[in-house]
Amino acid sequence: MSGDHSHNDSQIDSGSRYNDSHKHKDKYKDKEHKHKDHKKDKEREKSKYSNSEHRDSSDKKHRDKDKERLKLKDGSLDKQKDKHKEKKKEERSFDGKPKKEKENGFESPFIKSEPENDDFYHSLKHEKSLKRVHDDDDAEFKPKKIKTEDDRSEKKAKKRKQEEEDIKPKKKTKGKKGEVATDGKKKAKKEPEEKWKWWEEERYTDGVKWKFLEHKGPVFAPPYDPLPSNVKFYYDGKHMKLSPAAEEVATFFAKMLDHEYTTKEVFQKNFFKDWRKEMTSEEKSKITDLKKCDFSEMSEYFKAQSESRKAMTKEEKQKIKEENERILQEYGFCLMDNHKERIANFRIEPPGLFRGRGDHPKMGMLKRRIRPEDIIINCSKDSKHPKPPPGTKWKEVRHDNKVTWLVSWTENIQGSIKYIMLNPSSRIKGEKDWQKYETARQLKKCVDRIRAQYRDDWKSKEMRIRQRAVALYFIDKLALRAGNEKEEGETADTVGCCSLRVEHLTLHQEMDGQEYVVEFDFLGKDSIRYYNKVPVEKRVFKNLQLFMEDKEPEDDLFDRLNTSILNKHLQELMDGLTAKVFRTYNASITLQQQLNEITNSEDNVPAKILSYNRANRAVAILCNHQRAPPKTFEKSMQNLQTKIDAKKEQLADAKRELKSAKADAKVRRDEKSKKAVESKKKAVQRIEEQLMKLEVQATDREENKQIALGTSKLNYLDPRISVAWCKKFGIPIEKIYNKTQHPFSLSDFQQVVNLAKEKT
DNA sequence: TACCGAACTTAGAAACGGCGCA
DNA sequence: TGCGCCGTTTCTAAGTTCGGTA
């Protein structure tokens, strides 16, 4: 990326986003409190206005101001749009791939390392490069076809028809536990299952997700197991026997007694309110104050139970493991279009207390038990439908093949729908993932034009266009999320780009020797704090001043913008473009740039992996993927340091021994002493390597203290970049991805690796 | 065009389990 | 052999996007 889009330079103090986070947390909480109090006061004052009235009046105010400041639109945008549409037609063929790229072959720059080809992300022809990485001499490679509406040749229609005829599952032969073999071939135990190369097949059209789907339904949470009679609950110091329903809910609280949640007022209030709903009228009249409730015996009981589980014998543990495996084999897989696919979450969420993140107004509420009568089953008409537990009924059985879920139910906290879906290794998820990275690569081709346009729009005569352009600049430069509007009081007060409020930004004409600095401070997804000081272009700065003029701190910064308007605009700029594509694109391109920049081919494997982790870290910082430092962090760092110190001593000893061996050899001049020198040399070398490994580990861990790498690795980084990097620098792919990560690249890769091993 | 619900992705925390070390 | 550590897996909350409806 060029200019101001190099993310890492753009943050004056990127480290401060993490290092200061605790310092700022309290300040932020105060701020949030103030905001809420202020809001309440204002609401009281303005109680005669409804929310929408207030918004309307504010809209009008801004509209009038616009008129004063800006003259009417001159139609240049439409011209631009038309021009762009034409260009778009030229750029792409029907399947979304540039013609040029289709005609010319491609070589991964990480394989062929000329500097001009270092832009892997841009020039990559994905299927081919993947294949190259995996299997250089596979001449049979066929690029995957992405079917579109325009893509229906007669031949393909015939093929589809044939597929439809073939779609019923082939007769399966059951092998030993959990083995399902197709085509009547029994699979040998432990033999790796043949991997479905779905990426080599054509996709469904018209929103069809599958033709055949069969599964066994969900696994329900075990029924409540009442407490033994010796485990007592006390109210106001006196023992009180609770009814089963009230006792169950009490145990949810008792299980969380050591958690910070139970100390929060909102949590306690919500819990108590919902708990009382489960009580008998007698209990209700007696138990009126949570503070008088003593759950400690219950809590101790659960702790003891957890301890005894840990202390179980090997055999007992094995028995449980086997039972879990049996359940997994029975319920953890489905049959989708002839293939056995792993289900991600086949267990229904058990009842408990809702743990919202951040200052969630509903934390502590009772998540009720889900019964078969709440469950909607989705499967093929012609499949064997899952049976509800004896004496119960499903809410509904439907056959909707335009969705990917198998089971759904509505949860009682937010009233939202929960789903049981397939594992990321499934075709259905992998295909989507692949598509996502392809869209991001499409963006790479037109991002310069889009950037030029939004820069131009900063000067627009229309306020809404200026706001859109500045928001897009933030989304692109800072990888902010889109920021949907949220219902007040239903969730924690978090924002994204479009929902930023005036109070979330502070403008500094000059700061730390830089001009036009914007200081962001807000809570994003999961109430993770985003704190960043960013120098921006003068025009952006001036626009922000304009947007903030005459507004209250709690007013929307972009009052003429929402995610729907923004995404509609993005759709016009590029097919399939939405705000989140920028995050994927910028994450992947950052990884590639960082890898190019910091990998040293002379380094050994651990040092190269450190480089990879650092590149990954740059992405995680960009995307603001933070985590709470592990509880054992300080201790584990200390342990590591002790190991390093010991290793250093060991090295010093080894060096001394080598020195004396050398001196000895000089005097003796015999074979034996020569050999001794050699072996001492090797020992020194070995210890040096071990020390280096430990030091690298310490650096990596320290740098990772508050940063979560997993999310970016799993969701934002095009795996082809990592795979190509591994190939170029001779790093085993297993060092970067474990066996469950990145199915579409790794399953194939792993297969080729295994084949190669077999051949040698 | 605004609104809303459905569907799906992204997210951090917690639980789990296996491995290395004393 | 037991224990602690740490990577992996599971869990489910919290986002985004899309499409239908009024």
Side-chain angles (χ1 to χ4, degrees), chain A residues 52 207 209 256 259-261 306 309-311 314 317 320-321 324 328 332 344-350 352 354-358 360 362-363 367 376 378 400 402-405 408 410-411 413-424 428-429 432-433 435-436 475 481-487 490-492 494-499 523-528 562-568 570-571 576-581 583-584 587 620 623-628 630-633 635-637 639-640 643 697 701 704 706-716 737-741:
Chain A
S52 59
K209 302 286 170 33
M256 289 177 76
H259 203 288
E260 205 198 329
Y261 270 116
S306 148
R309 261 199 305 275
K310 276 182 211 161
K314 240 184 180 176
K317 281 183 182 168
I320 292 175
K321 203 177 162 188
N324 283 336
L328 172 73
N345 54 327
F346 56 90
R347 289 173 200 274
I348 297 285
E349 294 172 20
F354 177 70
R355 304 182 182 204
R357 312 240 167 101
H360 201 294
K362 295 189 171 183
M363 67 168 77
K367 251 178 71 158
I376 302 175
N378 193 31
D400 183 356
K402 298 206 168 170
V403 296
T404 65
W405 54 268
S408 78
T410 305
E411 55 93 31
I413 305 288
Q414 327 262 10
S416 61
I417 305 170
K418 298 254 181 170
Y419 302 95
I420 289 183
M421 288 186 187
L422 295 191
N423 188 273
I428 230 153
K429 294 288 180 191
K432 263 294 190 72
D433 214 36
Q435 234 168 37
K436 173 182 75 187
I475 284 170
R481 294 188 186 84
N484 283 308
E485 285 168 83
K486 296 169 75 187
E487 221 176 308
E490 290 293 300
T491 55
T494 61
V495 296
C497 185
C498 294
S499 50
L523 297 181
K525 183 178 178 179
D526 293 325
S527 293
I528 299 287
N562 59 38
T563 52
S564 159
I565 296 172
L566 180 68
N567 280 337
K568 232 167 249 170
L570 293 175
Q571 198 61 49
L577 186 61
T578 61
K580 88 183 181 90
V581 179
R583 240 167 113 80
T584 313
C623 295
N624 202 36
H625 291 147
Q626 296 188 49
R627 61 165 181 174
K631 279 169 202 153
T632 53
F633 184 82
K635 201 182 159 203
S636 87
M637 272 318 271
N639 289 348
L640 196 53
K643 270 190 196 170
Q697 204 184 340
R701 199 179 291 175
N704 234 22
Q706 293 184 74
I707 299 168
L709 299 187
T711 305
S712 48
K713 198 198 249 182
L714 228 58
N715 299 303
Y716 289 104
Y737 292 121
N738 66 42
K739 64 182 182 340
T740 56
Q741 292 170 335

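We find that CZ of A:R481 is positioned 11 Å from C1' of B:dT9, with the value rounded to whole Å. One interatomic measurement links the two molecules: CD1 of A:I417 to P of B:dA7, which rounds to 5 Å at whole-angstrom precision. Here B:dT1 presents its P atom at 16 Å from CG of A:N567, a figure rounded to the nearest Å. A straight line from NZ of A:K432 to P of B:dC8 spans 6 Å, rounded to a whole angstrom. One interatomic measurement links the two molecules: CG of A:L566 to P of B:dT1, which rounds to 16 Å at whole-angstrom precision. What separates CD of A:E487 from C1' of B:dG5 is a distance of 12 Å, to the nearest Å. Rounded to an integer number of Å, the gap from CD of A:E485 to C1' of C:dT16 is 14 Å. Note: NE2 (A:H360) to P (C:dA13) measures 9 Å, nearest angstrom.
Here the side chain of A:V403 is nearest to one of C:dG15, B:dG12, B:dA7, namely B:dA7. Taking the side chain of A:T711 as heavy atoms from C-beta on, and the options C:dC11, B:dA11, B:dA7, the nearest nucleotide is B:dA11. The side chain of A:R347 approaches C:dC11 more closely than any other nucleotide in the set C:dT17, C:dT12, C:dC11.
Among the atoms of the strands shown, none is found under 4.0 Å from any heavy atom of A:G496. Counting non-hydrogen atoms under 4.0 angstrom, A:A492 reaches nothing in the nucleic acid. Among the heavy atoms of the strands lying under 4.0 Å from A:R583 are primed sugar atoms or P, OP1, OP2 only; no base atom is included. Counting any heavy atom pair closer than 4.0 Å across all strands shown, A:A344 reaches no nucleic acid atom. The residue A:R357 sits close to a base: some heavy atom pair falls under 4.0 Å. Among the atoms of the strands shown, none is found under 4.0 Å from any heavy atom of A:G710. A:K568 comes within 4.0 angstrom of nothing in the nucleic acid, heavy atoms only. A:T404 comes within 4.0 angstrom of sugar-phosphate atoms only, judged by non-hydrogen atoms across all strands, and of no base. The residue A:K367 sits close only to the backbone: its heavy atoms come under 4.0 Å of sugar-phosphate atoms, none of a base.
Checking the phosphate oxygens (OP1, OP2) of C:dA13, no side-chain nitrogen or oxygen of A:Q414 falls inside 4.0 Å. A close approach under 4.0 Å does not occur between any side-chain nitrogen or oxygen of A:T578 and OP1 or OP2 of C:dT16. Look at A:S408 and you won't find any side-chain N or O under 4.0 angstrom from OP1 or OP2 of B:dA7. Distances shown here put every side-chain N or O of A:T563 at or beyond 4.0 Å from the OP1 or OP2 atom of C:dT16. When the side-chain nitrogen and oxygen atoms of A:N484 are compared with OP1 and OP2 of C:dG15, none of them lie within a distance under 4.0 Å. One finds no side-chain N or O of A:N423 lying less than 4.0 angstrom from the OP1 or OP2 phosphate oxygen of C:dT9. Proximity of A:Y419 to the phosphate of B:dT9: no side-chain N or O atom is located under 4.0 Å from OP1 or OP2. For A:H259 and B:dA13, the shortest distance from a side-chain N or O to OP1 or OP2 is not below 4.0 Å. Under 4.0 angstrom from either OP1 or OP2 of B:dA7 there lies no side-chain N or O belonging to A:K209. At the phosphate of B:dA6, neither OP1 nor OP2 sits under 4.0 Å from any side-chain N or O atom of A:K402. Side-chain nitrogen and oxygen atoms of A:K418 include none within less than 4.0 Å of the OP1 or OP2 phosphate oxygen of B:dG5. Not one side-chain nitrogen or oxygen of A:N345 sits closer than 4.0 Å to the OP1 or OP2 atom of C:dC11. Remark: A:K580 is not in phosphate contact with B:dC8, judged by side-chain N or O atoms under 4.0 Å from OP1 or OP2.
Toward the 5' end of DNA chain B, the nearer of the two residues A:K321 and A:R627, judged by each one's closest nucleotide, is A:R627. For A:A628 and A:W405, each mapped to the nucleotide of DNA chain B holding its nearest heavy atom, the one lying further toward the 5' end belongs to A:W405.
Here the shortest heavy-atom pairing between A:R357 and A:A492 reads O-CB, 3.7 Å. Across all non-hydrogen atoms, the minimal contact from A:G415 to A:T410 is O-CG2, 3.5 Å. Taking every heavy atom of both residues into account, A:L422 and A:K429 meet most closely at O-CE, 3.6 Å. Summarising the geometry of A:S527 relative to A:G358, their closest heavy-atom pair is OG-CA, 3.4 Å, with the distance given to 0.1 Å. Nearest heavy-atom pair across A:I420 and A:N345 is CG1-O, 3.2 Å.
The base of B:dT10 sits with one of its N or O atoms less than 3.5 Å from a complementary donor or acceptor on the side chain of A:K525.
A:E490 has its side chain within reach of A:K362: a pair of non-hydrogen atoms, C-beta onward, lies under 4.5 Å apart. Side-chain atoms of A:N704 and A:L709, non-hydrogen and from C-beta on, do get closer than 4.5 Å to each other.
Using the six-membered ring where Trp is involved, A:H360 and A:F354 have ring planes that are perpendicular, over 60° apart on the 30 and 60° scheme.
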